[in-house]
Number of protein chains: 2
Amino acid sequence: MAELSTTSYAVLGLLSLRDWTTYELAKQMQRTIDFVWPRGERKLYDEPKRLVDAGFARARRDSVGRRPRTTYSITPAGRRALKRWLGTEITPPKLEFEGMLRVLFADQGDLGQLRTTIERISEQAGTAREQFAVMAQGMLAADGGDFPQRLHVNALGMRFMIDHYDHIVSWASWAMKETERWPDSRHAAATWSHRARAVLIDAAT
Amino acid sequence: MAELSTTSYAVLGLLSLRDWTTYELAKQMQRTIDFVWPRGERKLYDEPKRLVDAGFARARRDSVGRRPRTTYSITPAGRRALKRWLGTEITPPKLEFEGMLRVLFADQGDLGQLRTTIERISEQAGTAREQFAVMAQGMLAADGGDFPQRLHVNALGMRFMIDHYDHIVSWASWAMKETERWPDSRHAAATWSHRARAVLIDAAT
DNA sequence: TTGACATGGTGCCCTGGGCAGTATTTAACG
DNA sequence: CGTTAAATACTGCCCAGGGCACCATGTCAA
């Protein structure tokens, strides 16, 4: 029996809160977990089956009209496994940031492309940040959201994600202001070198 | 011929700077690109071949003693393709953060596990941040690093990454301070609700 | 001269991303 | 009341990517 993945434990975590059909599980993952553990909806459909194989979940088949469905629930062994997992070592975070990759190679394009990229980075982060604002408004209106007893852990995560997106937006503002003075994307190393050195000195501390 | 991936373009970007063997390319990717575009070293070995197939790179085979090696260089078509790519739409950043996932399900474990997780998050981010400090010191000492003419774009990236890791560390400090008052990991939603609401109100603006 | 580390890779198995496709039920609208 | 859009509930398939194992030669320091 293959070792369970972090994705499996994420699904097991949701199952610890209540029973779900695979469809609901996939949607809930997208809504509430995707920001820290993004996985394609398609793959999430395979996870509950693995949990059943491991003895951490049970499947209950029924139907709505003539359409069949499967509802999953966690087992006591599943709860123990989840708790054990919470005490194991974590892998460091991984960031996949195509926009910043473009910035790193921006000297191979023109200044307009660089500044467009920075603006798109800002807009995308702004949109993500906006989603959290809507989510927070919903939670305030619904007096804690779907799981008010979990408000405390959700608030810890919310604080991080909000600051994360705000940080991207403010980096973008800074980058737009700095690149305004660049003659072009390729030769700014010379004219802008005092500012670049300031960044390095700050980073080196 | 299959569409090239972002990983392909990242490698093409390095090839635009100078010629490399696949081995050097893989190492350079790890050193300078991994923070924004992490890929397993193994897979990076396949990329130059795809670039050759697409007509964006040329391979030159020679040997060091009796050991053969292949050095890749970019073609004019490769430079044009890289430039075109720099003008296309970017996909939003993706964050994979197992530590934060654990925080979101921390109510299923005990408070000790949560606080250990937060401490490990802080330590890991501190270590990553430290790597950038060393890198920045190296660049200052070597008067711009391996590619001094690219100092300006590297400084933009460096500013972002430094602030990113600093943000994680400061989130962790905040979280340690807040969880100090929690009675346990499960029932803090009640006693801590005024602080949680403050986070939501802040997020909702 | 011997052992560690750097150079320069390939094979293989499984997970994951992403598109396409299928079928039924419920809600929305004119 | 009938039509249609959206939600529910999934599966198949192909390729990219993660990660381990494995190989060989070159270089440098003790």
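In what follows, every chain begins at residue 1, and chains take the letters A, B, ... in the order their sequences are listed. Treat the numbers as computed from the prediction; the structure is a model and nothing was measured.
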Can B/Ser8 and B/Ser5 be counted as having a side-chain donor-acceptor contact under 3.5 angstrom? yes
Contact check, residues 10-37 of chain B vs DNA chain C, heavy-atom distance under 4.0 Å, returns B/Thr21, B/Thr22, B/Tyr23
Exercise. Determine the contact category for A/Arg50: base if any of its heavy atoms lies under 4.0 Å from a base atom, sugar-phosphate if only primed atoms, P, OP1 or OP2 are that close, otherwise nothing.
Key: sugar-phosphate
Looking across every strand, which nucleic acid part, if any, lies under 4.0 Å from B/Pro38 by heavy atom: base, sugar-phosphate, or nothing?
sugar-phosphate
Does a donor on one side chain and an acceptor on the other come within less than 3.5 Å for B/Trp37 and B/Thr7? yes
Nearest heavy-atom contact between A/Leu15 and A/Leu25 is CD2-CD2, 4.2 Å
Comparing A/Val64 with A/Glu47, nearest DNA chain C nucleotide closer to 5' gives the residue A/Glu47
Considering only heavy side-chain atoms of A/Arg66, the closest of C/dG9, C/dT25, D/dT25 is C/dT25
Separation of C/dT7 atom P from B/Asp62 atom CG, nearest Å, is 15 Å
Let me see the working for A/His164 and A/Phe35 under ring-ring contact (aromatic ring centres under 6.0 Å, His included), right down to the final yes or no. CA-CA 11 Å; A/His164 174 63; A/Phe35 313 99; over 10 Å; no
Below the 4.0 Å mark, does D/dC10 have OP1 or OP2 next to a side-chain nitrogen or oxygen of A/Lys43?
no
For a quick check, tell me whether the side chain of A/Arg67 and the base of D/dT8 share a donor-acceptor pair closer than 3.5 Å. yes
Q. Is the closest basic N to carboxylate O distance between B/Asp53 and B/Lys49 below 4.0 Å?
A. no
- [ ] Check whether any side-chain nitrogen or oxygen of A/Thr70 sits under 4.0 Å from OP1 or OP2 of D/dA9, and answer yes or no.
- [x] no
Side chains of B/Thr179 and B/Arg115: is there a donor and an acceptor less than 3.5 Å apart? yes
Note: contacts of residues 86-105 of chain A with DNA chain D (heavy atom, under 4.0 Å) are none
Residues A/Gln124 and B/Pro93: closest non-hydrogen pair is OE1-CD, 4.0 Å
Here the distance between atom P of C/dT7 and atom CZ of B/Arg69, to the nearest Å, is 11 Å
In whole angstroms, the gap separating P of D/dA21 from CD of B/Glu41 amounts to 15 Å
In whole angstroms, the gap separating C1' of C/dC13 from CG of B/Asp46 amounts to 15 Å
ask   = Would you call B/Asp107 and B/Arg186 a salt bridge, taking side-chain N to carboxylate O under 4.0 Å as the test?
value = no
To the nearest angstrom, the CG-P distance between A/Asp53 and C/dT15 comes to 11 Å
Atom OH of A/Tyr72 and atom P of D/dA9 are separated, to the nearest Å, by 12 Å
Distance test, side-chain N/O of B/Thr7 to OP1/OP2 of D/dA16, below 4.0 Å
no
Classify the side chain of A/Arg42 versus the base of D/dG12 as yes if they form a donor-acceptor pair under 3.5 Å and no if they do not.
yes
Rounded to whole Å, the CZ-P distance (A/Arg39 to D/dA16) equals 18 Å
Here the pair of heavy atoms bringing B/Gly55 nearest to B/Thr75 is O-OG1, 2.8 Å
Quick check, are the ring centers of A/Tyr45 and A/Tyr23 under 6.0 angstrom apart? no
Rounded to whole Å, CG of B/Leu4 lies from P of D/dG17 at a distance of 11 Å
